[in-house]
**Q** 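The structure follows.
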Amino acid sequence: MGDTNGQVVAGGNGEGNRLDQLNSPSDVLIDKETDSLIICDWLNRRVVRWYRRSGTTQGEILIDNISCWGLAMDDQRYLYISDRDKHELRRYQIGDKNGTIVAGGNGKGAGLNQLNEPTYIFVDQQQTVYVSDNYNHRVMKWNKDAKEGIIVAGGQRQGDALTQLSYPQGLFVDTLGTIYVADTWNDRVMRWPKGAKQGTVIVGGNGQGEAANQFKCPHGLSFDRHGNLYVVDWGNHRVQCFSIE
């Protein structure tokens with residue numbers, strides 16, 4: 001906190017596919033057990049691990065040949081990864097290269113058992129998977145071992161009404177089942193209470209721009225333990241922090 005300069009902890013050697021390089025990384029999580037970063041190295045079609053200990057100069061490949069975009073880890077240390085090309089989510093034990101399909105996997109489409117370019121993921125303590133179903137303009141919830149998902153936000157085609165989303169990305173679900181989603185092309189972050197048919201705009205929604213209450217294609221989002229919301233404001237090349245009531 002308070003640093004004006006960051007420190008490179010992975011990559012930083014230009015764009016490329018060597019083990020000391022990344023190419024358009026899309027998501028990252030911290031594996032506390034091994035004190036390492038697990039990274040979706042998107043355009044290299046691989047998921048890599050970089051240890052945080054000093055002296056680490058390259059990553060190791062955990063899974064390759066995957067169009068990965070979003071990552072999550074549950075309490076049992078299973079890894080969940082979205083594959084945009086295969087329109088599916090898989091759950092992996094660390095060290096397992098194949099994984100098990102937990103959402104989608106029935107080709108590209110808008111059926112309840114399908115996804116269309118899934119992006120970010122959230123997994124709760126019951127191993128329920130929430131996924132931003134990007135090209136279907138909806139957020140889906142897949143209960144553990146379910147054969148199809150439930151629409152929990154959007155799903156009313158692309159648009160900017162409170163019942164709609166436009167290419168949703170970043171996702172967070174609180175303990176009450178309230179969904180927070182980066183509604184990317186609408187330049188806003190929305191909150192959808194559990195079971196709600198429409199959401200409310202909590203930040204943004206003031207047109208595309210660079211003002212403090214505006215975004216340009218927000219992507220990732222996260223909360224800290226004090227309830228502050230952090231949003232990756234992708235098109236403005238910045239991260240914004242909001243105090244949410």
**Q** Does I244 share a hydrophobic cluster with L221, counting links as ILVMFWY side-chain heavy atoms below 4.5 Å and allowing steps through other members?
**A**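 As far as the 4.5 Å side-chain criterion goes, L221 and I244 are connected within one cluster.
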**Q** Under a single-linkage rule joining Ile, Leu, Val, Met, Phe, Trp and Tyr whose side-chain heavy atoms are separated by less than 4.5 Å, which residues share a cluster with L89?
**A**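 When side chains under 4.5 Å apart are linked, the cluster holding L89 also contains Y78, Y80, V102, L112, L115, I121, V123, V129, V131, M140, W142, I151.
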**Q** For residues G170 and Y120, report the shortest heavy-atom separation together with the two atoms involved.
**A**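 In this case the closest contact between G170 and Y120 is N-CD1, 3.4 Å.
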**Q** To the nearest 0.5 Å, what is the distance between CG (N13) and CG (L19)?
**A**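 Interatomic distance, N13 CG to L19 CG, rounded to 0.5 Å: 11.5 Å.
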**Q** For residues I30 and L71: do they belong to one hydrophobic cluster (side chain heavy atoms under 4.5 Å, members Ile, Leu, Val, Met, Phe, Trp, Tyr)?
**A**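 Per the 4.5 Å side-chain linkage, I30 and L71 are not co-clustered.
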**Q** Going by atom type alone, with no hydrogens or angles, which donor-acceptor pairs under 3.5 Å involve a side-chain atom of residues 193-200 and a protein atom two or more places apart or on another chain?
**A**
none

**Q** Indicate if L165 and V232 have the same hydrophobic cluster label, given that clusters are the connected sets of ILVMFWY residues with side-chain heavy-atom separations under 4.5 angstrom.
**A**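 Different clusters.
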**Q** Salt-bridged, R77 to D31, with N to O below 4.0 Å?
**A**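 Looking at D31 together with R77, the answer is yes, because their closest N to O distance falls below 4.0 Å.
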**Q** Is the number of heavy atoms from other residues, nucleotides or ligands within 6.0 Å of CD (E148) greater than 12?
**A**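 Atom CD in E148 is packed in, count exceeds 12.
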**Q** Which pair of heavy atoms, one from I39 and one from P25, lies closest together, and at what distance?
**A**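 Heavy atoms of I39 and P25 come nearest at CG2-CB, 3.8 Å.
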**Q** Hey, quick one: are V231 and V239 part of the same hydrophobic cluster, counting side-chain heavy atoms closer than 4.5 Å, chains of contacts allowed?
**A**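 No; V239 is not reachable from V231 via cluster members.
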**Q** Quick one: list whatever passes side-chain contact (heavy atoms from CB on, under 4.5 Å) with T184, sequence neighbours left out.
**A**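 T184 satisfies side-chain contact (heavy atoms from CB on, under 4.5 Å) with Q169, C217, H219 only.
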**Q** Tell me every residue that passes salt bridge (Lys or Arg N to Asp or Glu O under 4.0 Å) with R45, counting only those two or more places apart in sequence or in another chain.
**A**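 Partners of R45 by the salt bridge (Lys or Arg N to Asp or Glu O under 4.0 Å) criterion, ordered by chain and then number, come out as D85.
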**Q** Sorted by first residue and then second, give each side chain to side chain donor-acceptor pair (under 3.5 Å) pair with at least one member in residues 220-234; sequence neighbours left out.
**A**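 Residue pairs passing side chain to side chain donor-acceptor pair (under 3.5 Å), neighbours aside: D224-N228, D224-Y230, D233-N236, D233-R238.
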**Q** Any pair with a residue in residues 33-43 that passes salt bridge (Lys or Arg N to Asp or Glu O under 4.0 Å), sequence neighbours left out, goes on the list, sorted by first then second residue, please.
**A**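 Sorted result for residues 33-43: D35-R52, D41-R46.
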**Q** Parallel, tilted or perpendicular for W185 and Y167, by the 30°/60° rule?
**A**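 Geometry flag for Y167 against W185: tilted rings.
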**Q** Do we see a donor-acceptor contact under 3.5 Å between the side chains of D74 and Q127?
**A**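 Yes, side-chain donor-acceptor contact under 3.5 Å.
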**Q** Taking Y180 as the fixed residue, which of F242, F223, W192 is the one that meets the ring pair (Phe, Tyr, Trp, His ring centres under 6.0 Å) rule?
**A**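 One option only clears the test, and that one is F223.
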**Q** Please report the C-alpha distance between I38 and L62 in whole Å, then the side-chain angles of each, then the deciding distance to 0.1 Å, and finally whether the side chain to side chain contact (heavy atoms under 4.5 Å, CB included) criterion is met.
**A** CA-CA 9 Å; I38 297 176; L62 296 179; 4.1 Å; yes
**Q** At their closest point, which heavy atom of K108 faces which heavy atom of Q114, and how far apart are they?
**A**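 Closest approach of K108 to Q114: O-NE2, 3.5 Å.
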